[in-house]
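Everything numeric here is computed off the predicted structure, so don't read it as measured data. Numbers here simply count residues along the sequence, with the first being 1.
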Amino acid sequence: MAFDIEMIKEVYARYPERIAAARKAVGKPLTLTEKILYSHLSDGPATAAYERGKSYVDFQPDRVAMQDATAQMALLQFMQAGKDQVAVPSTVHCDHLIQAEVGAAKDLQKANDKNKEVYDFLASVSNKYGIGFWKPGAGIIHQVVLENYAFPGGMMIGTDSHTPNAGGLGMVAIGVGGADACDVMAGLPWELKFPKLIGVKLTGKMSGWTSAKDVILKVAGILTVKGGTGAIVEYFGEGARSLSATGKGTICNMGAEIGATTSIFGYDEKSAAYLSGTGRSDIAELANGIAEHLTGDDEVYANPEQYFDQVIEINLSELEPHVNGPFTPDLAWPLSKFAAAVKENNWPAKLEVGLIGSCTNSSYEDISRAASLAQQAVDKKLVAKSEFTITPGSEQVRYTVERDGFLGTFGKMGGVVLANACGPCIGQWARHGAEKQEKNSIITSFNRNFAKRADGNPNTHAFVASPEVVTALAIAGDLTFNPMTDSLINEEGKEVRLDEPRGLEMPTKGFAVEDAGYQAPAEDGSQVDVIVDPKSDRLQLLESFPAWEGADLKGLKLLIKAKGKCTTDHISMAGPWLRFRGHLDNISNNMLIGAVNAYNDETNKVKNQITGEYGEVPATQRHYKEEGIGTVVVGDENYGEGSSREHAAMEPRFLGVRAILVKSFARIHETNLKKQGMLALTFDDPADYDKVQEDDTIDILGLTEFAPNKPLTVVLTHADGTKDEFLVNHTYNEGQIEWFKAGSALNLIKAGIL
């Protein structure tokens, strides 16, 4: 569980020289983001200024973190790389495969029984290759990383889109696909398009019902789910320094919902206090020694418009609590306007369930503030009208809040403590009655609320708020209740009000834990066997994807033209499909089953051009593959937003889809497609999306001269023999074109070329 103090010393030792070189190259003061990025260039000190949003740059991250669902495929890929050990400190965290049903103890035991072969595989492969292993029940990856591994000025990649949580401690932490993690673990540079910079200046100081969650809920309303795409969001100002480290983590965590590459806060007194409070005072001491390099230059923050591509200013003293949703995390409602919105939109006002916790809001501070409201409910003789669940973020947090009596307080108001795992936040929720698909409302302190995400019911109206607001509304059982202004009638028929929540940033008696759940790897893994049953339906060793044929792609068929939002949840659903994350063939049976077909407005129903009949997307694609016919998937804006799901790229590749042609891509998904040897293309003219017809045969021309910044040509041959021809763009650089030609980036690693 060591936090690699020698590695951190090495990172900090190079900072002064590299930052000085970067400042000289750029010719102006630097943001914090630029300092960290330039200090992690794989080829040494900065010698050139990179163009934001255009230049591809190679970095060398300090760490890799993987959650159990995505780690399966990442490590199956790493096994093919021919390496004896990982090249950088890496960890696996078992948090995604535990389904919430009745309570922590029983749910964890059921998960251990149900997922034994997956856990055995992850433990054995980690043991063999020098990877730290966090057992089921240890906690959610992002909270565990914040408590143990995140450090100011570091760079980490993680196989989960909420990896930016570590930005709360001043780390550039970026969600990636498993292939990217495989590269870095193999000792290769990691490539990223140099991001644009969005500055968020926070002034004032929060009080009362307002919490750090409300900052990102407000920002999401401003920027929308696409507004942060291709950018890193850097928070600064007096307001930023007033926030706790875990509060900053909450804000950075949910930055994934605006499409941001990552989000970050500078190092300050709150950061130092959290490091010390979690047993890392030696890191705080090191950070204090180079503190000037762990925040942006003074000139940047004095005149941010000159140094950021966009600047947003929020006064925390005036910020109101927010509720976002339903169905999208960027539909932001100030609490004072939310009740009216519920009524005007005819959303179910009766609140069925309130859920707090998750990787976004499960710190000691979050739990203590929510518990203060639960205690009020007990003292004021209020009985919670909604179901109420609590998901601790780590065993350390759970143990500590139980010791301090908070879990007992929740129990008195009827709360159910779930396992230290993702649970309902990612669809791992056996919610009773969800199969009826009745219209209802829930509210969570989670990060995402896309339709069907939590419980599989498309009619569940899911809203996102702070743990405090969630707890208050669960007590009331009514979405139109405003705890800042409204009263409730208690069990004695008396009118009572909820007082403002109170809490502590960290426990006064310090954190405590009996068994954090960590398993260190063998010092020499050469004799360790990786456990994979060849007859398993959950784990499957990988075979290499075929190389490009060396010719233009002709005679392709349209598989589906996806209409509207098409997230990685639509492309490769989570929930019950999580059990197949290590078995590419089996999980491919969920490929694009959630995407809406533009020709019939239905999901999982597309035309098979061979038979003329309509069928399920995966079955139709398997038929094309059997016949040796390649296909194209056409999509809308921000295709592939959401989780950093490796499978959303690997499944189409495995089943024979040759190209994804869309109006625009979400960053992680576009990179994932490239890594797997897929063609990720965008319409030069978005209006050409409308030219694609259901029975089209498609040619992609220009591949024999495939080159950076050179468009390709698509020719559509319609059923009546007429044709449409137009240009399509791509963002491949020379190295990525070689991935395509070789069949995947991993093929080049295996060949010793990368």
*asked:* For a 4.5 angstrom cut-off between non-hydrogen side-chain atoms, does M254 reach L217?
replied: yes

*Looking at side-chain heavy atoms only, is the closest gap between Y56 and Y50 below 4.5 Å?*
no

_Atom of I587, atom of S572 and distance for their closest heavy-atom approach_ = CD1-OG, 4.3 Å

_Please give me the minimum heavy-atom distance between T603 and G594, naming the atom from each residue._
CG2-O, 3.6 Å

*Considering residues, nucleotides and ligands other than E549, do more than 12 of their heavy atoms fall under 6.0 Å from its CD?*
yes

_Please check this pair: side chain of N604 against backbone of E616, looking for a donor-acceptor N/O pair closer than 3.5 Å._
no

_Do P61 and M156 have side chains that approach each other closer than 4.5 Å (heavy atoms only, starting at C-beta)?_
no

_If we ignore hydrogens and angles and just use 3.5 Å, is the side chain of E257 paired with the main-chain N or O of A220 as donor and acceptor?_
no

*Which heavy atom of S588 sits nearest a heavy atom of F654, and at what distance?*
OG-CD2, 3.5 Å

_Check whether D330 reaches the backbone of V225 with its side chain - one donor and one acceptor, N or O, closer than 3.5 Å._
yes

*Below 4.5 Å, heavy atoms only, C-beta onward: do T631 and L556 meet side chain to side chain?*
no

*Kindly say whether G175 contributes a backbone atom to a donor-acceptor pair with the side chain of S161 at under 3.5 angstrom?*
no

*Supply the atom-to-atom distance Q67 CD to T163 OG1, rounded to the nearest 0.5 angstrom.*
8.5 Å

*State the SG-CG distance between C566 and L592, to the nearest 0.5 angstrom.*
5.5 Å

*Decide whether T567 and E641 meet the rule of one side-chain donor and one side-chain acceptor closer than 3.5 Å.*
no

_Within-4.5 Å side-chain heavy-atom neighbours: L558 and Q609_ = yes

*Closest non-hydrogen atom pair between A742 and N747, with its separation*: O-ND2, 2.8 Å

*Test item: side-chain donor near acceptor, N733 and E191, under 3.5 Å*: yes

*Under 3.5 Å, is there a donor-acceptor pair between the side chain of T70 and the main chain of T159?*
yes

*Just by distance, do the side chain of E646 and the backbone of A179 share a donor-acceptor pair under 3.5 Å?*
yes

*With a cut-off of 6.0 Å (strictly less than), are more than 12 heavy atoms of other residues, nucleotides or ligands near NZ of K723?*
no

*What distance do R658 atom CZ and I629 atom CD1 have between them, rounded to the nearest 0.5 Å?*
13.0 Å

*Take atom CG of N709 as the centre, draw a 6.0 Å sphere, and report whether it contains more than 12 heavy atoms from other residues, nucleotides or ligands.*
no

*Closest heavy-atom pair and its distance - R579, P576*: CG-O, 3.3 Å

*asked:* Please check: side-chain N/O of H647 versus main-chain N/O of R581, any donor-acceptor pairing under 3.5 Å?
replied: yes

*Has the side chain of D58 got a donor or acceptor atom that lies under 3.5 Å from a matching backbone atom of S42?*
no

*Tell me, with the steps shown, if K674 and D180 meet salt bridge (charged side-chain N to carboxylate O under 4.0 Å, His left out).*
CA-CA 11 Å; K674 292 178 180 180; D180 281 342; over 6 Å; no

*asked:* Tell me whether T722 contacts the main-chain N or O of H718 through its side chain, where contact means a donor paired with an acceptor under 3.5 Å.
replied: no

*Count the heavy atoms of every other residue, nucleotide or ligand shown that sit under 6.0 Å from NZ of K565, and state whether that count exceeds 12.*
yes

_Determine whether E34 and L197 satisfy the following criterion, side-chain contact (heavy atoms from CB on, under 4.5 Å), listing intermediate values before the conclusion._
CA-CA 9 Å; E34 290 170 316; L197 302 178; 3.9 Å; yes

_If you take the centroid of each ring, where Trp contributes its six-membered ring, are Y38 and F194 closer together than 6.0 Å?_
yes

*Contact check, side chains of F726 and K691, non-hydrogen atoms, under 4.5 Å*: yes

*Is the Lys NZ or Arg CZ of K28 less than 6.0 Å from the centre of Y307's six-membered ring, within 45° of the axis?*
no

_I312 vs L223 side-chain heavy atoms within contact, under 4.5 Å_ = yes

_More than 12 heavy atoms of other residues, nucleotides or ligands under 6.0 Å from NZ of K605: yes or no?_
no

*Before giving the answer on side-chain contact (heavy atoms from CB on, under 4.5 Å), spell out for F59 and I174 the whole-Å C-alpha distance, their side-chain angles and the decisive distance to 0.1 Å.*
CA-CA 12 Å; F59 296 98; I174 301 175; over 6 Å; no

*Kindly give the heavy-atom pair with the smallest separation between Y732 and A680, and that separation in Å.*
OH-N, 2.8 Å

*Indicate whether the side chain of K193 and that of T671 have a donor and an acceptor atom separated by less than 3.5 Å.*
no

*Stepwise, does the side-chain contact (heavy atoms from CB on, under 4.5 Å) test hold for M591 with L655?*
CA-CA 9 Å; M591 185 190 73; L655 291 182; 3.9 Å; yes

*asked:* Do H583 and Q72 have side chains that approach each other closer than 4.5 Å (heavy atoms only, starting at C-beta)?
replied: no

*Can you measure from CD1 (I698) to CG (L701) and round to the nearest 0.5 angstrom?*
11.5 Å

*Assess K561 against Y689: is NZ or CZ under 6.0 Å from the centre of the six-membered ring, and within 45 degrees of the ring's axis?*
yes

*asked:* Show, in sequence, the C-alpha distance, side-chain angles and deciding distance for F308 and I198, and conclude whether the side-chain contact (heavy atoms from CB on, under 4.5 Å) test is met.
replied: CA-CA 6 Å; F308 291 97; I198 297 175; 5.9 Å; no

_If the test is side-chain hydrogen bond (donor to acceptor under 3.5 Å, both in side chains), which one of E613, H623, K557, Q621 qualifies with N608?_
H623

*Rounded to the nearest 0.5 Å, what's the gap from CG on L673 to CD on Q736? Could you check?*
11.5 Å

*Sidechain-backbone polar pair: R453 side chain, C425 backbone, donor-acceptor under 3.5 Å*: yes

_Just checking E602: does its CD atom have more than 12 heavy atoms from other residues, nucleotides or ligands closer to it than 6.0 angstrom?_
yes

_Side-chain donor-acceptor pair present, K750, S544, cut-off under 3.5 Å_ = yes

*Hey, what's the ring geometry for W347 with W333, parallel, tilted or perpendicular (30° and 60° as the breaks)?*
perpendicular

_Just to verify, which of F740, F706, F665 counts as forming a ring pair (Phe, Tyr, Trp, His ring centres under 6.0 Å) with H730?_
F706

*What residue among L37, L41, D43 forms side chain to side chain contact (heavy atoms under 4.5 Å, CB included) with V57?*
L41

*Rounded to the nearest 0.5 Å, what separation is found between the CD1 atom of I426 and the NE2 atom of H162?*
11.0 Å

